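The structure displayed is predicted, hence computed values, not measured ones. Residue numbering restarts at 1 for every chain, and letters A, B, ... go by the order of the sequence lines.
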Number of protein chains: 2
Amino acid sequence: MQLSCINYVCNMSEALKTILKSHNLRITDCRMDVLRYFLDKKGALSQGNLENRFTQYDRVTLYRTLNSFLEAGILHKIPNESGTATYGLCHDTCTPEYHLHNHIHFKCNNCGQIECLDDEEAPSVSVPKGYVTERVNLIVDGVCAKCV
Amino acid sequence: MQLSCINYVCNMSEALKTILKSHNLRITDCRMDVLRYFLDKKGALSQGNLENRFTQYDRVTLYRTLNSFLEAGILHKIPNESGTATYGLCHDTCTPEYHLHNHIHFKCNNCGQIECLDDEEAPSVSVPKGYVTERVNLIVDGVCAKCV
DNA sequence: TTTTTTGATGCAATTAAGTTGCATAAACTA
DNA sequence: TAGTTTATGCAACTTAATTGCATCAAAAAA
């Protein structure tokens, strides 16, 4: 199941379950809610965002939910300067073994929102002789379309 | 005074003082030691690194030293996934008003060292219509030349 | 369906990072 | 040197990240 197709699926709950199952994760209320929230929001979220949204769950549970999604390859961590970890949905092509995120992360300096610009390919990067590139993370900040 | 020339200067202490003065910072032991350490190490450092190295200074003092260097434009913050802020020396061309860091930050997944690859220009990045780019941060991870 | 096994959750508690206020000490200025 | 400005150390607080453990729920087996 491709994550980007989820909103066209009639039965959202069934779709969420399929996603969790396909990543070998048990189906729980917390995971269903968090996954649905990520799909709705489309932007990146921090643990703090989840704590505000889902007060019915313990913050440790949310912490472990994020971690299990990270390990499963459903989410990826987005580097930033603030010190607070933010997470974004992985591309459909990601598997637990092979994460590929050569898209751009955009942070709006006005509204603070972080988005994954999936349609913009990150350019290729050259590193000095002797260095081996594994992953490329591109973070652009500025003003997003909504705030201009 | 160009920071990259510092190691060719005969009198290191005088050079450090000149750098601090030119950024309108008072000359103190802590600032001298921290600045010298950054110049020696060449790589990026976290507050924790400084706390381990300079046990004679209070951690709040080191925290404020890093902040004053940030504001002065001597250091820049490097975004990363770990949640711990890391700092690198600014290019010679940086001023407090105008920071430009379109070089690559490289994090070695083996030794954990973060470096600024000043010689590698970051490629230009295109963002979707309606978005305005202010800064570009490029973080590459992999294996550095020493660890290959 | 019931039982068993495996894994998730909530709570308590700890560690570490980031941050502020304030009194004192040191650096700069006149 | 005297006076002014700023840095430092200490105490304290906030928040994020993290672990252990008992309990509870989900999946698998019977």
Show me the side-chain donor-acceptor pairs of residues 44-55 of chain B shorter than 3.5 Å, one per line, residues at least two apart or across chains.
from, atom 1, to, atom 2, distance (Å)
B/S46, OG, B/G48, N, 3.4
B/S46, OG, B/N49, N, 3.2
B/S46, OG, B/N49, OD1, 3.1
B/Q47, NE2, B/E51, OE2, 2.8
B/Q47, NE2, B/R59, O, 3.2
B/N49, OD1, B/S46, N, 2.8
B/N52, ND2, B/G48, O, 3.3

| If you measure from CD1 on A/I74 to CG on A/L25, what distance do you get to the nearest 0.5 Å? | 5.0 Å

| task | Compare every heavy atom of A/R26 with every heavy atom of A/L20, then report the nearest pair and how far apart it is. | result | CD1-O, 4.3 Å

| request: In whole angstrom, give the distance that lies between atom CZ of B/F54 and atom P of D/dT8. | output: 13 Å

| message | With a strict under 4.0 Å distance from non-hydrogen atoms of chain A, what nucleotide opens and what nucleotide closes the contacted stretch of DNA chain C, reading 5' to 3'? | response | C/dT6 to C/dA12

| B/H76 versus B/H105: any side-chain heavy-atom pair under 4.5 Å? | yes

| message | Would you say that A/E81 contacts B/N137 through its side chain, given a criterion of any heavy-atom pair below 4.5 Å between the two side chains? | response | yes

For residues 107-117 of chain B, dump all side-chain donor-acceptor pairs below 3.5 Å to protein atoms at least two apart in sequence or in another chain.
from, atom 1, to, atom 2, distance (Å)
B/N109, ND2, A/E134, OE1, 2.7
B/E115, OE1, A/Y131, OH, 3.2
B/E115, OE2, A/Y131, OH, 2.8

| Residues in contact with DNA chain D, drawn from residues 25-33 of chain A - heavy-atom cutoff 4.0 Å | A/R26, A/I27

| request: List the protein contact pattern of nucleotides 10-21 of chain D with one symbol per nucleotide (5' to 3'): B for base contact, S for sugar-phosphate-only contact, - for none; contact means a heavy-atom distance under 4.0 Å. | output: BB-----BBBB-

| Heavy-atom side-chain contact between B/M12 and B/D40 under 4.5 Å | yes

| said: Closer than 3.5 angstrom, by distance alone: can the side chain of A/N67 be matched with the main-chain N or O of A/E71 as a donor-acceptor pair? | reply: no

| remark: Nearest heavy-atom contact between B/L75 and B/L70 is O-CD2, 3.4 Å

| salt bridge (charged side-chain N to carboxylate O under 4.0 Å, His left out) partners of A/R36, counting only residues at least two apart | A/D33

